[in-house]
Each structure stands twice: as C-alpha cells, then as structure tokens.
Amino acid sequence: MIKNIIFDLAGVVLNLNLERDTAALVAAGLPDYVTCLKNPALKKVLEGFLNGLTSQEVFLRDIRPFCKPGVTEEEILWAMNAVLDDIPRARIERIAGLKKRYKVYLLSNIYDTAWEHAVHQIEKSGYRVSDLFHETFLSYEMQLAKPDPRIFQEVILATGLIPQETVYFDDTRENIEVGNSLGFHSVLVPMNRLEICLED
C-alpha cells in the first residue's frame, strides 16, 4: 500500500525553460546545459552552485574562465536562473489534493534563489508550501545532493517513512536508479510532464 509520495522540484513540479536557458548560457559564452555537463571541470562548478553546495562568490570566481571576456556577474547569474519557469496552477491543486490522502514530501537539488522562485510561483497561485508538502528537503540546506544515497537516507530518518510504501518522482535517471536501490517505487518523469505520471 502506498502511503507516501516524494516529488523532485525542477522539471517535475517546477517547469524548466530550456530554450531560454540555452540562449542565456550562450550569451555568457557557455554552451547549452547538456554540453556543459560533458566537460567534467565545468560540470563540477555548475552542479556545486546549482545544488547549493558552493557559495555564489566561489561560483562566480570559478565559472569566469569558462565564460567569454567581459561578461558581467549579473549576466552569469541570469544564465543560471533563466531555466526557471512556472508551476501550473492545476499542478499545484493536484499536489495539494494528494496531500490530503498521502504524506507528501519534496526532495530537491536546489540553490537558494531557485527555491525562492519556486515559493513565489506557489504563492502566486494562492497556496503556501505547507499546503503542498508535509516537509521539504533541500540540498542547499542539507549540504547533500542527489544522487548521493545519504540524502535519501536523511529523508527516511527524518520522516520515518518506509521506502516500499513510497512513490518517488524525479526527472533524472541516475536519481531514479538510486531511489530504486533503496526500495522506493521510483518513477522517471518526462521533463515538465508530471501529469502523465500522476494519471498512470
């Protein structure tokens, strides 16, 4: 019997705008995000910041060698934030409805500015974060990030949930594989299309 649901945020609850993000990255002298991740050194810099494990000051220092000459700090930060989009009201209402029947949690790799954006999107629809989730687990607060199994174990310890009674939604295959290894019923969500999986 399923008693719990865990949602990832970006690409699952919060829509991502890859077209706008790519344009902003290119304007800063970087390739699109997928190509960025193929460069191990650049991937380390990006993921450290986007997961909230690296300060903005350190990030700006470390990313600059990868950017075009003359790019401003504001342009670099815009390139990081441009991917963040909306949360459809119908999706918010659906999750709020699920919270009445299940224990619902959020587990997200995220940095503070992105979280503030997500909270604003929820509140813009007349809801509070607490209307959607019993608890939130955010990488920048925990200083742990998926796919590290320890962040999942922290959720289990903090909530007392049983993985076998839990459905976990994420849009990253590596995170899904770790979730499965720990006993969760993990569902790979096509980016920005959570509704398809909820219907299933």
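Atoms considered below: every heavy atom in the structure, side chains included; atoms not considered: hydrogens, waters and symmetry mates.
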Test R89 against E93 for salt bridge (charged side-chain N to carboxylate O under 4.0 Å, His left out), laying out the working first. CA-CA 6 Å; R89 182 182 178 88; E93 292 174 346; 2.9 Å; yes
Hey, what do you get for CG (D85) to CG (N17), rounding to the nearest 0.5 Å? 5.0 Å
Side chains of N81 and T113: closer than 4.5 Å at any heavy-atom pair? yes
Charged N to carboxylate O under 4.0 angstrom, E154 versus R150? no
Would a 4.5 Å heavy-atom cut-off, applied to side chains only, mark F184 and N4 as touching? no
Under a 4.0 Å threshold between the charged nitrogen and the carboxylate oxygen, would D171 count as salt-bridged to R193? no
Looking at E19, I'd like to know if its CD atom is crowded, meaning that more than 12 non-hydrogen atoms belonging to other residues, nucleotides or ligands lie closer than 6.0 Å. no
Quick one: do V45 and F66 satisfy side chain to side chain contact (heavy atoms under 4.5 Å, CB included)? Show the steps, please. CA-CA 10 Å; V45 173; F66 298 97; 4.3 Å; yes
D86 with K124: basic N within carboxylate O range, under 4.0 Å: no
Please report the shortest heavy-atom distance between A145 and L53, naming the atom on each side. CB-CD1, 4.1 Å
Drop me the distance from S108's OG to F133's CZ, to the nearest 0.5 angstrom. 9.5 Å
Would you say that Y33 contacts L18 through its side chain, given a criterion of any heavy-atom pair below 4.5 Å between the two side chains? no
Determine, for E195 against R94, whether the closest basic-nitrogen to carboxylate-oxygen distance falls under 4.0 angstrom. no
So, H185 side chain and Q164 main chain: donor-acceptor pair closer than 3.5 Å or not? yes
Evaluate the side-chain proximity of D170 to K146: yes if any heavy-atom separation is below 4.5 Å, no if none is. yes
Give a yes or no on this: more than 12 heavy atoms of other residues, nucleotides or ligands lie within 6.0 Å of atom CG of L37. yes
Note, C197 side chain near P190 side chain (heavy atom, < 4.5 Å): yes
Suppose we call two aromatic rings close when their centres sit under 6.0 Å apart. Are F7 and Y105 close by that rule? no
Counting C-beta onward and ignoring hydrogens, is there a side-chain heavy-atom pair between F59 and I76 closer than 4.5 Å? yes
Has the side chain of T159 got a donor or acceptor atom that lies under 3.5 Å from a matching backbone atom of L161? yes
Go through I95 and D131 one step at a time and tell me if the side chain to side chain contact (heavy atoms under 4.5 Å, CB included) criterion holds. CA-CA 9 Å; I95 295 172; D131 295 325; over 6 Å; no
Heavy-atom donor-acceptor pair, T35 side chain to P31 backbone, under 3.5 Å: no
Are E165 and K103 close enough for a salt bridge, meaning some N to O gap below 4.0 Å? no
Return the CG to CZ distance between L60 and F49, rounded to the nearest 0.5 Å. 7.0 Å
Check whether N51 reaches the backbone of Y111 with its side chain - one donor and one acceptor, N or O, closer than 3.5 Å. no
Can you check whether I151 reaches M142 side chain to side chain, under 4.5 Å on heavy atoms? yes
